[in-house]
2 protein chains.
Amino acid sequence: MKIGALAKATGTKVETVRYYEKIGLLPRAARTTANYRDYGSDHLARLSFIRRARDLGFTLKALSELLTLSDDKEQSCEAVDDIASRHLAKIDQKIDDLTTLRSELDRVISACQHGTVGDCKIIETLAPRPLS
Amino acid sequence: MKIGALAKATGTKVETVRYYEKIGLLPRAARTTANYRDYGSDHLARLSFIRRARDLGFTLKALSELLTLSDDKEQSCEAVDDIASRHLAKIDQKIDDLTTLRSELDRVISACQHGTVGDCKIIETLAPRPLS
DNA sequence: CTTGACCCTATAGTTACTACAGGGTGCATA
DNA sequence: TATGCACCCTGTAGTAACTATAGGGTCAAG
């Protein structure tokens with residue numbers, strides 16, 4: 001299959017597929033006589049893996065670790081579990097941070113009296129008086 | 001005050017202060033004879049505003065809009081409220097997304113049997129069988 | 001008079017793509 | 001046969017919001 005078909009099948013943009021190849025995340029494809037990339041089912045599987053992991057928020061770095069690990073079937077699954085668990089912890093942290101931030105922003109907005117900018121509570125809250 | 005003092009007072013890195021100046025978010029400071037930047041309380045106030053808004057997750061683009069708006073004190077506060085509210089909606093969306101993602105990742109990790117990579121449920125879940 | 005903390009500019013690197021510019025290929029249709 | 005269109009190619013630059021580095025200058029203390 002050509003790059004457009006692979007892209008469509010995995011919900012990736014064509015440029016992104018070429019980008020993954022460039023950084024070595026996706027192996028080079030064979031080429032047709034017209035120099036078009038020609039992909040097989042192994043590429044499809046690998047790119048699906050990549051997209052799915054990206055959807056779950058794994059970084060490309062974590063991903064390439066996972067891909068390396070997944071190649072050695074005999075190895076203990078511990079390292080894989082570790083990467084995933086650390087990722088989960090990061091997500092929890094992010095949710096916490098965003099929730100805190102949300103309530104604060106909500107508070108700021110609630111104070112809005114819909115007057116002029118001169119009396120704007122939002123700007124006032126954001127701009128604390130200089131300590132001078 | 002010199003750049004280091006301003007940075008410290010606002011919890012910013014020196015390089016970031018210079019960066020804000022370069023992109024026009026922070027006005028140019030006066031210079032000493034030694035060509036050092038010399039800041040006053042107006043710079044301090046503005047940088048505090050910037051940092052606080054950044055902490056609340058506003059982009060630099062939204063920020064420069066807010067700063068422009070805040071200069072015209074007679075204007076209606078509506079536009080300010082609008083920017084903040086749209087930002088809040090984005091945060092809510094992000095929290096939702098992360099929460100969904102979290103539960104999915106949690107499910108994936110829970111399936112881990114701590115065996116070898118060959119049986120790893122984490123990798124198995126991430127890599128769906130090619131449609132072939 | 002030298003050491004160390006601070007300051008300067010300019011440029012490149014980071015993440016994960018995305019968007020050109022400027023060209024080639026392959027198939028269907030007028 | 002020509003031509004239009006969708007698709008493919010490479011290479012480079014742009015995005016956000018900094019961070020880091022190289023290669024220098026300044027100033028006060030010991």
Side-chain angles (χ1 to χ4, degrees), chain A residues 1-26 28-40 43 46-67 83 86-87 90-91 94 97 101, chain B residues 1-26 28-40 43 46-47 49-67 83 86-87 90-91 94 97-98 101:
Chain A
M1 70 198 315
K2 280 183 283 180
I3 197 169
L6 179 71
K8 207 165 185 183
T10 55
T12 315
K13 294 204 175 179
V14 166
E15 292 88 351
T16 307
V17 177
R18 285 198 281 251
Y19 169 71
Y20 286 162
E21 177 185 304
K22 195 163 140 194
I23 62 170
L25 203 59
L26 199 61
R28 291 228 161 83
R31 297 295 180 120
T32 67
T33 46
N35 198 32
Y36 288 4
R37 286 171 182 82
D38 189 19
Y39 295 100
H43 281 99
R46 189 162 177 121
L47 186 51
S48 301
F49 182 106
I50 292 170
R51 291 312 297 182
R52 177 121 178 78
R54 287 290 301 134
D55 283 348
L56 287 176
F58 286 95
T59 62
L60 292 186
K61 193 166 161 293
L63 240 165
S64 79
E65 281 179 63
L66 282 176
L67 283 166
I83 291 175
R86 262 185 292 136
H87 183 48
K90 253 187 246 165
I91 289 171
K94 231 182 226 174
D97 289 350
L101 190 158
Chain B
M1 71 198 314
K2 279 185 282 178
I3 197 168
L6 179 70
K8 206 165 187 183
T10 54
T12 315
K13 294 203 176 181
V14 166
E15 291 87 353
T16 307
V17 177
R18 285 197 280 251
Y19 170 71
Y20 286 162
E21 176 184 304
K22 197 163 139 194
I23 62 170
L25 204 58
L26 201 61
R28 293 226 161 85
R31 297 295 182 121
T32 68
T33 46
N35 198 31
Y36 288 4
R37 287 171 182 82
D38 188 20
Y39 294 99
H43 281 101
R46 189 163 178 119
L47 185 52
F49 182 105
I50 293 170
R51 292 312 296 180
R52 179 122 178 75
R54 288 290 301 133
D55 282 348
L56 287 175
F58 286 93
T59 63
L60 292 186
K61 194 167 158 292
L63 240 164
S64 79
E65 282 181 62
L66 282 176
L67 283 166
I83 292 174
R86 261 185 292 137
H87 184 47
K90 255 188 247 165
I91 290 172
K94 231 182 224 170
D97 288 351
L98 280 175
L101 191 158

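These values consider heavy atoms only, across backbone and side chains, with no hydrogens, waters or symmetry-generated copies. Naming convention: chains lettered A, B, ... in sequence-line order (proteins, then strands); numbering from 1 in each chain.
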*How close do A29(A) and E21(A) get, heavy atom to heavy atom, and via which atoms?*
N-OE1, 4.1 Å
_Is there a side-chain contact between T16(A) and the phosphate of dA16(C), meaning an N or O under 4.0 Å from OP1 or OP2?_
no
*To the nearest Å, give me how far apart CG (N35(B)) and C1' (dC6(C)) are.*
14 Å
*Nearest-Å distance for atom pair OH/C1', residues Y39(A) and dC7(D)*: 14 Å
*asked:* So for atom CZ, which belongs to R28(B), do other residues, nucleotides or ligands contribute more than 12 heavy atoms lying within a distance under 6.0 Å?
replied: no
*So, is R31(A) close to the dT10(D) phosphate, meaning a side-chain N or O under 4.0 Å from OP1 or OP2?*
yes
*Measure from CG on D55(B) to C1' on dA17(D) and round the result to the nearest Å.*
14 Å
*With a 4.0 Å cut-off on heavy atoms, is I3(A) in touch with a base, just the backbone sugar-phosphate, or nothing at all?*
sugar-phosphate
*Round to a whole Å and report the spacing from OH of Y19(B) to P of dC8(C).*
18 Å
*Scan K22(B) against the nucleic acid and name what it touches under 4.0 Å (heavy atoms): base, sugar-phosphate only, or nothing.*
base
*Could you pull out the closest heavy-atom pair between V14(B) and G4(B), with the gap in Å?*
CG2-CA, 4.1 Å
*Any side-chain N or O of R18(B) less than 4.0 Å from the OP1 or OP2 oxygen of dT19(D)?*
no
_Nearest to side-chain heavy atoms of T59(A), which nucleotide of dC8(C), dA16(C), dG24(C)_ = dA16(C)
*Within the structure shown, what part of the strands sits under 4.0 Å from R37(B) by heavy-atom distance: base, sugar-phosphate, or nothing?*
sugar-phosphate
*Given dA19(C), dC27(D), dC17(C), which nucleotide is nearest the side-chain atoms of A34(B)?*
dC27(D)
_Without decimals, in angstroms, what is the distance between L60(B) CG and dT19(D) C1'?_
14 Å
*What are the two closest heavy atoms between R51(A) and T10(A), and how far apart are they?*
CG-O, 3.7 Å
*Touch check for Y20(A), heavy atoms < 4.0 angstrom, all strands: base, sugar-phosphate only, or nothing?*
sugar-phosphate
*Below 4.0 angstrom from OP1 or OP2 of dA20(D), is there any side-chain N or O of K13(B)?*
yes
*List the atom of L56(A), the atom of H87(A), and the distance in Å for their closest heavy-atom pair.*
O-NE2, 2.7 Å
*What integer distance in Å separates K8(B):NZ from dA5(C):C1'?*
12 Å
*Between I23(B) (CD1) and dA16(D) (C1'), how many Å, whole number?*
10 Å
*Taking the side chain of E15(A) as heavy atoms from C-beta outward, which of dC17(C), dT21(D), dT18(C) is closest to it?*
dT18(C)
_Presence of donor-acceptor pair under 3.5 Å, side chain of Y36(A) and base of dG26(C)_ = no
*Has R54(A) got a side-chain N or O lying under 4.0 Å from the OP1 or OP2 atom of dC17(C)?*
yes
*Write down the distance between CG (L25(B)) and C1' (dA17(D)), rounded to a whole number of angstrom.*
11 Å
*Mind listing the closest non-hydrogen atom pair of L101(A) and D55(B) along with its distance?*
CD1-O, 3.6 Å
